[in-house]
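Letters A, B, ... are given to chains in the order of the sequence lines, protein chains preceding strands, and every chain is numbered from 1.
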There are 2 protein chains.
Amino acid sequence: MSDISNTEGIPLYVKIRESLRQQIASGELERGQKLPSEDELATQFGVSRMTVRQGTSDLIDDGLLYRRHGVGTFVTLPHIERDHSRLTNFFENSDKHGIHAKATILEFEVIHATPMIAQALLLESDEFVIHIKSLRQADEVMVTLHDAYIPHRLFSEMIQEELHDFDVQHLWSKFEKNGYPVKRAVQKIEARLADQELAKVMQIQAGAPILFKERTVYAEDGTPVEFTYCYNRGDMYSLTVILNR
Amino acid sequence: MSDISNTEGIPLYVKIRESLRQQIASGELERGQKLPSEDELATQFGVSRMTVRQGTSDLIDDGLLYRRHGVGTFVTLPHIERDHSRLTNFFENSDKHGIHAKATILEFEVIHATPMIAQALLLESDEFVIHIKSLRQADEVMVTLHDAYIPHRLFSEMIQEELHDFDVQHLWSKFEKNGYPVKRAVQKIEARLADQELAKVMQIQAGAPILFKERTVYAEDGTPVEFTYCYNRGDMYSLTVILNR
DNA sequence: ATTATCTAGACGTATAGATATCTATATTAT
DNA sequence: ATAATATAGATATCTATACGTCTAGATAAT
């Protein structure tokens, strides 16, 4: 043991990962620079080589490092943090950017699933779903209209709550409490125009650009927990995603 | 050694991964089903437990499996293949779906980088970039207009080629040949309206919805190799992305 | 009945090697 | 000079083993 003491129960590879991440962030390890070899790092940190690899592998997934077989491990030039393309809650995201986010629930009802929704949520076509229509504002400006559908079978106790008590901000943590932690989402994205109805609700012009998302949210085990149509104001909303080859 | 013989130079963990992937695809391993324990799999495949984990870890990244500490490894319910959100070439993608793709080069020039482009490509503001404006068709329908900018410094020999010889389809393989294999892209997506100029070029109505992408493509080492404005026909083009929490 | 504790099984972390393969460089042979 | 070859260093793959931690269920104590 040398640099890294086993304080608390934090795994060694996590400490190594964070130590390297910090060294990169601080500029101690410069862009494009070659890291010490895995053997060397193992010696420096006083761990085995496999443990070093476990740490660096995480940073490679994050896009901070890359390896060249037979050559070495290097710091990537611009740091594209994978964080920029992670699944986030509207409110989490707003918080982080210091934006005041608010949601107003327009409708809250239990209905039969449409074929489209049933297919997305893996339900029988006659099953019930909870429908929540909500309007989201960022700094008092209406940005998004959500039409969310949730399997009634999985979250029936949610409708026990009063409408004004209901907290759309913590919908996902509610899923988690019920044993379905939100893990991933598949989103189909399109450009559309606002029709009369949408324009009225969002207080924009009919024919204004709308970034339309059709999103299915899945729990850890792959259970679909939410299917949502999102209508985002085109001039107020953009989406950044990172794709790998 | 049992199931998996070391034919060729394919790593064991890759064989295990693909064997499991095939078993999942064929339904031999059912959705939601628990896999044999890691120890058992190691015995079955005649390898060590760590090798099994290397294989299953890949499938977890792909979203086909998930682990529960102290419980086991399971097959996810619907199979969201990560492939749906990987960075693909317009032509590769069309090929796979049996669509006839074609690109027409409208402009091909060397210009000074604008501040925006210079920033994205990490260039000095006076540096040269190669500008390629191209129109992409899928089954004879115009779908996308591309404005691509490439650092002249890195790929100067590309302009030696004749314009009609130039193959925009293999731009990325050209990058690769020059030592910059395409690795990742950051895309900012917006909904916009077609202006007069764009409408004319793409033969659509002014005011039609456009899915606008601002994309920076990076090589393995993080070098930006391409910055592109993409204007996609809203009614012909949608984008599917998978996000993880 | 309810609560606390034990325990078996499974994944999580970590070690200390061994061998293979790849890359860049230096050396040698032509 | 040029091309083939050797070599050193680095990552890639893999083994066998050990102990930690978590979960679910069984058992025991209250």
Whole angstrom value for the distance that separates [atom2] of [N] from [atom1] of [X]:
X: A:Met50; N: D:dT13; atom1: CE; atom2: C1'; answer: 8 Å
X: B:Ile10; N: C:dA20; atom1: CD1; atom2: C1'; answer: 15 Å
X: A:Tyr13; N: C:dT15; atom1: OH; atom2: P; answer: 13 Å
X: A:Leu12; N: C:dA14; atom1: CG; atom2: C1'; answer: 7 Å
X: B:Glu38; N: D:dA16; atom1: CD; atom2: P; answer: 16 Å
X: B:Phe45; N: D:dT15; atom1: CZ; atom2: C1'; answer: 17 Å
X: B:Lys34; N: D:dT23; atom1: NZ; atom2: C1'; answer: 12 Å
X: A:Arg17; N: C:dA14; atom1: CZ; atom2: C1'; answer: 16 Å

ask   = Mind checking what makes side chain to side chain contact (heavy atoms under 4.5 Å, CB included) contact with A:Leu122, not counting sequence neighbours?
value = A:Pro224, B:Pro78
key: Partners meeting side chain to side chain contact (heavy atoms under 4.5 Å, CB included) with B:Ile24 (sequence neighbours left out)   = B:Leu29, B:Leu64, B:Leu65, B:Val75, B:His79
request  = Map A:Val47 and B:Leu35 onto DNA chain C by nearest heavy atom, then report which one ends up closer to the 5' terminus.
outcome  = B:Leu35
request  = Map B:Glu40 and A:Val14 onto DNA chain C by nearest heavy atom, then report which one ends up closer to the 5' terminus.
outcome  = B:Glu40
Within the sub-3.5 Å range, which N or O atoms of nucleotides 25-27 of chain D have a protein N or O partner, and how far apart are they?
none

inquiry  = Ring-plane angle category for A:Tyr229 and A:Tyr149, please: parallel below 30°, perpendicular beyond 60°, tilted otherwise.
reply    = perpendicular
Under the rule for ring pair (Phe, Tyr, Trp, His ring centres under 6.0 Å), what residues qualify as partners of [X], not counting sequence neighbours?
X: A:Tyr13; result: none
X: A:Phe91; result: none
X: B:His146; result: none

note = Residues of residues 65-78 of chain A with a heavy atom under 4.0 Å from any atom of DNA chain C, listed by number, are A:Arg68, A:His69, A:Gly70, A:Val71
ask   = With sequence neighbours excluded, what pairs up with A:Glu127 under the side-chain hydrogen bond (donor to acceptor under 3.5 Å, both in side chains) test?
value = A:Arg153
key: Pairing residues for A:Glu38 by the side-chain hydrogen bond (donor to acceptor under 3.5 Å, both in side chains) criterion, not counting sequence neighbours   = A:Arg49, A:Arg53
What nitrogen or oxygen pairs link the protein and nucleotides 6-8 of chain C at under 3.5 Å?
none

task = Would you kindly say whether B:Ser37 and B:Asp39 are connected by a side-chain donor-acceptor distance under 3.5 Å?
result = no
query = Below 4.0 angstrom, N of the basic side chain to O of the carboxylate: do A:Asp62 and A:Arg21 qualify?
reply = yes
query = Are the charged groups of B:Arg215 and B:Glu226 less than 4.0 angstrom apart, N to O?
reply = yes
inquiry  = Given D:dA12, C:dA10, D:dA16, identify the nucleotide with an atom nearest to the side chain of A:Arg49.
reply    = D:dA12
query = The side chain of A:Pro11 lies closest to which of these nucleotides: D:dA10, D:dC14, C:dT13?
reply = C:dT13
note = Contacts of A:Asp61 meeting salt bridge (charged side-chain N to carboxylate O under 4.0 Å, His left out) (sequence neighbours excluded), chain-then-number -> none
key: Steps toward side chain to side chain contact (heavy atoms under 4.5 Å, CB included) verdict (A:Thr228, A:Val217)   = CA-CA 8 Å; A:Thr228 304; A:Val217 180; 5.6 Å; no
request  = Could you check if a side-chain atom of A:Leu243 sits within less than 4.5 angstrom of a side-chain atom of B:Ser85, using non-hydrogen atoms only?
outcome  = yes
task = Specify the residues of residues 51-63 of chain A, ordered by number, for which at least one heavy atom lies under 4.0 angstrom from an atom of DNA chain D.
result = A:Arg53
